[in-house]
Amino acid sequence: MINESSNIFAVILDKVRAVSTALATEGVIPNGLDQSRIVVEPTREVAHGDMASNAAMVLAKDAGKSPRDLADAIAGKLSADALVAKAEVAGPGFINLTLKNDAWTSELKALLAAGTDYGRSTLGREEPVNVEYVSANPTGPMHVGHCRGAAFGDALANLLKFTGYKVTREYYINDAGAQIDALARSGFLRYREALGEDIGPIPEGLYPGEYVKQVGQELKDDYSDTLLKKPESEWKPIVRERAINIMMADIRNDLWSLGVVPDEFFSEASLTEEGDQVAAAIDFLRQGGHVYEGRLPPPKGAPVDDYEDREQTLFRATAFGDDVDRPLKKSDGSYTYFASDIAYHKSKLDRGFNTMIDVWGADHGGYVKRMQAAVKALSGGKANLDVKIVQLVKLLRAGEPVKMSKRAGEFVTARDVVEEVGSGAMRFMMLYRSNDAVLDFDFVKVKEQSRDNPVFYVQYGHARGWSVFRNAKTALPDLPEDAVERCRFLAKAPLNRLVDAGEVALMRQLALYPRLVESAALAHEPHRISFYLYELASEFHAHWNRGKEAPHLRFIIENDPQISLARLALVQGVVTVLASGLGVLGVEAPKEMR
RNA sequence: GCGCUCGUAGCUCAGCUGGAUAGAGCACCAGACUUCGAAUCUGGGGGUCGGGAGUUCGAAUCUCUCCGAGCGCGCCA
């Protein structure tokens, strides 16, 4: 088990709370005030010091004191702290803290000691979390639309693991229902084609893609023409199983090339194969009084041409925050997709997950409320389902939209993207947006080697750091080449030599990382890591260039090995955090990019 | 008609779950390479945070309302 690594903001927050408690003990303010709203956060302006707390403003009302007076009292005690250089009261009652340089250097030392475990935390307390993502239908290869969900879900899973949750990555195989039926029929058609029959154009409603040909070919190889003589009821299960196996093998390959390795593939069909788990889940809800037979008003908006008013089996979703009650059975008596999904989520509950995260595409947004309602009903309100909607990806090439024809079965596959730009660049780009913002993905820009391409810019920062180590060989022959050993070696450097404003700014930026990781994990927003890494790289590039104008600021100073060591320690800190963050995102951190 | 998401600089977007004078990149203008990687950096102009009202010490952030865009609205998954 890895210990929680250092987080200087948490340390200072504890100190602020301790001071408040001390003031209560002294009778300055009442006992038992709510300290939960107190925060310590980085300041936006350097003039405001390193970090600021709202403690006085939050406690003032209940304490019966003015925020400024209370702030004075708290600041007075804080300024006596060993880490604090200055505590000032500003504005409506902010307590602005400037830390001693020792605070930053000891944080850097902690970083080097922890290595790429810096930022790792025990926040999640090993709580099981199920993250379900991608879940593409096995009716064809993964296309680019799935990439965003894959990158997002996988990075989120990494992030949660990094912050101490027990994560299961899950892929739901939609291998039941009408679309799979269509796939089976498409496969059978290709089978006849493989046997030499002229099948003409692929009928509407079937899958026209070339990839179905493999199904026909394999069936021919294994069964020659024997399937032709069998009735549909007999050949269909055979074709269906073969088609799903072929498609899933393909999808697993694609996932792997994206760096995604699910822990669990859950088959929708399995819900009804050995015992009817869907019926069981509905019964379970019925016993809780959440299922009834009744009628629904006709759907508003887009007209439903074959609408018939009838009594049906309904889930009382309105009791759990949804807008209408939801049907569980179709008119032919089969289950709706929602019914299967209820059984599926019940399985997650039964497997011990009280925290579930589903990653869905934007077109499923209207489905969120009912699923959350179902989870509430199934768990008696104990479990929580967070649904992350990832918005559309607009594919561009040098600013021009990439044309795709779904009708002809032509689309950009996940494999196409990985082959052209690489999985790392794809993942970073997909994560350089909030999940609920539409994203422009430009094939040309992702490969560009410029500041305009954040993937490159961040990776270049990492490579530049390694370049310094390579150049340090002559001045510091003892410097280990291995990253882990070098971290340990540099942790002993005289860090108190790091006094330049640019150096301190970098140490500050590095110290933000653990706090940022935690907030990103709590918000389920991995894109915050990407933006942070961009800022860190920017700070690093900027400091690098200062050494051009002012040679005494360079990392390697020929006749001063001690300060060189200290500065290399700083570079190592940058390299380590960049590598750590890129690792969480699932993006490689290259040592050189020539 | 209803629900969800979004609306922030000319463009593309951040904004750390309510904090101080709202940030970054691109584009535009002006600068820095006998150099640890100039694939980089420095400086400059540019905003009624879609409009309006409310909540409070304090709102881009929360509530309501209107405007605009995207997605969805039994028997597709």
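This is a predicted model, so every value here is computed, not measured. Throughout, protein chains are lettered first and strands after them, A, B, ... in sequence-line order, and every chain is numbered starting at 1.
Taking the six-membered ring where tryptophan is involved, the planes of Trp466(A) and His462(A) are tilted, since the angle between them lies from 30° to 60°.
Checking each of Trp360(A), Tyr133(A), Tyr344(A) against Tyr172(A) for a ring-ring contact (aromatic ring centres under 6.0 Å, His included) leaves exactly one that passes, namely Tyr344(A).
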- Task: Apply salt bridge (Lys or Arg N to Asp or Glu O under 4.0 Å) to the pair Glu481(A) and Lys473(A), showing each step before the final yes or no.
- Result: CA-CA 9 Å; Glu481(A) 281 183 36; Lys473(A) 266 281 170 196; 3.8 Å; yes
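Distance from the side chain of Ala542(A) is smallest to U42(B) among U42(B), C71(B), U5(B). Minimum atom distance to the side chain of Ser450(A) is reached by U40(B), of the listed A77(B), U40(B), C4(B). Closest contact between the side chain of Asp452(A) and the listed nucleotides C26(B), A77(B), A38(B) involves C26(B). Of the candidate nucleotides A77(B), G72(B), C16(B), C16(B) has the atom lying nearest to any side-chain atom of Arg515(A). The side chain of Asn96(A) has A20(B) as its nearest neighbour among C41(B), U5(B), A20(B). In this structure, of C75(B), C76(B), C36(B), it is C75(B) that holds the atom nearest to the side chain of Arg310(A). Among the nucleotides C41(B), C73(B), A20(B), the one closest to the side chain of Pro299(A) is C73(B). Side-chain atoms of Arg451(A) lie closest to C41(B) of the nucleotides A20(B), C41(B), G19(B). Of the candidate nucleotides G72(B), U40(B), C57(B), G72(B) has the atom nearest to the side chain of Asp363(A). Of the listed nucleotides (C57(B), A22(B), C75(B)), C75(B) has the atom at the smallest distance from the side chain of Glu308(A).
Both Pro297(A) and Met51(A) lie close to RNA chain B; mapped to their nearest nucleotides by heavy-atom distance, the more 5′-ward contact belongs to Met51(A). Mapped onto RNA chain B by nearest heavy atom, Ser334(A) and Lys445(A) fall at different nucleotides, with Lys445(A) at the one closer to the 5' end.
Within the nucleic acid shown, Pro92(A) comes within 4.0 Å of at least one base atom, counting heavy atoms only. Across all strands shown, Arg546(A) has no heavy atoms under 4.0 Å from either base or sugar-phosphate atoms. Here Asn54(A) lies in heavy-atom contact (under 4.0 Å) with a base. Here Tyr307(A) lies in heavy-atom contact (under 4.0 Å) with a base.
We find that CZ of Phe456(A) is positioned 14 Å from P of G37(B), with the value rounded to whole Å. The separation between Tyr460(A) atom OH and C41(B) atom C1' is 10 Å, rounded to whole Å. Atom CD1 in Ile38(A) sits about 16 Å away from atom P in G18(B), given to the nearest Å. One can place CH2 of Trp360(A) at 15 Å from P of G72(B), the figure rounded to the nearest angstrom. Note: CZ (Arg326(A)) to P (C75(B)) measures 11 Å, nearest angstrom. A straight line from NZ of Lys548(A) to P of U34(B) spans 10 Å, rounded to a whole angstrom. Between the C1' atom of U40(B) and the NE2 atom of His541(A) lies a distance of 7 Å, rounded to the nearest Å. Going from atom OH of Tyr172(A) over to atom C1' of A77(B) covers 9 Å, rounded to whole Å.
Between Trp544(A) and A38(B) there is a side-chain polar atom (N or O) within less than 4.0 angstrom of OP1 or OP2. Residue Tyr367(A) places none of its side-chain N or O atoms closer than 4.0 Å to OP1 or OP2 of G74(B). Residue Arg464(A) places no side-chain N or O under 4.0 Å from the OP1 or OP2 atom of G37(B). Put simply, Lys61(A) has a side-chain N or O that comes within less than 4.0 Å of OP1 or OP2 on C57(B).
In this structure, the ring of Tyr513(A) has its center less than 6.0 angstrom from the ring center of Tyr532(A). His527(A) has its ring centre no less than 6.0 Å from the ring centre of Phe152(A).
Going from the P atom of C11(B) to that of U48(B) covers 12 Å, rounded to whole Å. Spacing of C1' atoms, G15(B) relative to A77(B), comes out at 36 Å, to the nearest Å. G7(B) and G51(B) are spaced 13 Å apart, taking the P atom of each and rounding to whole Å. The C1' atoms of U5(B) and G19(B) are separated by 26 Å, rounded to the nearest whole Å. Annotation: C4(B) and U63(B) have their P atoms spaced 11 Å apart (nearest Å).
Pairing partner, A32(B): U40(B), with both Watson-Crick or wobble hydrogen-bond distances short of 3.5 Å. Pairing for C49(B) is absent, with no Watson-Crick or G-U wobble pair whose two atom distances lie under 3.5 Å. With a cut-off of 3.5 Å on both pairing distances, U56(B) has no Watson-Crick or G-U wobble partner at all. Under the Watson-Crick or G-U wobble criterion, with both distances below 3.5 Å, A22(B) is left unpaired in every strand shown. In this entry C4(B) has G70(B) as its Watson-Crick or G-U wobble partner, both defining distances falling under 3.5 Å. Across the strands present, A9(B) finds no partner; the criterion is a Watson-Crick or G-U wobble pair with both atom distances under 3.5 angstrom.
Residues Pro590(A) and Glu588(A) share a closest heavy-atom pair of CD-O, 3.4 Å. Across all their heavy atoms, Thr163(A) and Ala521(A) have their closest contact at OG1-CB, 3.5 Å. Between Pro92(A) and Pro67(A) the shortest heavy-atom distance is O-CB, 3.4 Å. In terms of heavy atoms, Arg310(A) sits closest to Arg295(A) at CA-NH1, 3.4 Å. Scanning both residues, Val278(A) and Ala343(A), for their nearest heavy atoms gives CA-CB, 3.7 Å.
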- Query: How does each nucleotide of nucleotides 9-14 of chain B score, in 5' to 3' order, for protein heavy atoms under 4.0 Å: base (B), sugar-phosphate only (S), or none (-)?
  - Reply: ---SSS
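The cationic group of Arg567(A) does not satisfy the cation-pi geometry with Trp544(A), failing either the under 6.0 Å distance to the six-membered ring centre or the 45° limit from the ring axis.
Stacking is not found between Phe94(A) and the pyrimidine-like six-membered ring of the G19(B) base under the 5.5 Å centre-distance and 30° plane-angle cut-offs. Tyr337(A) does not qualify as a stacking partner of the C76(B) base, lacking a centre-to-centre distance under 5.5 Å together with planes within 30°. By the stacking rule of 5.5 Å between ring centres and under 30° between planes, His364(A) does not stack on the base of G72(B).
Not a single donor-acceptor pair, N or O on each side, falls under 3.5 Å between the base of C16(B) and the side chain of Ser519(A). For Asn545(A) against A32(B), a side-chain-to-base donor-acceptor contact under 3.5 Å is absent.
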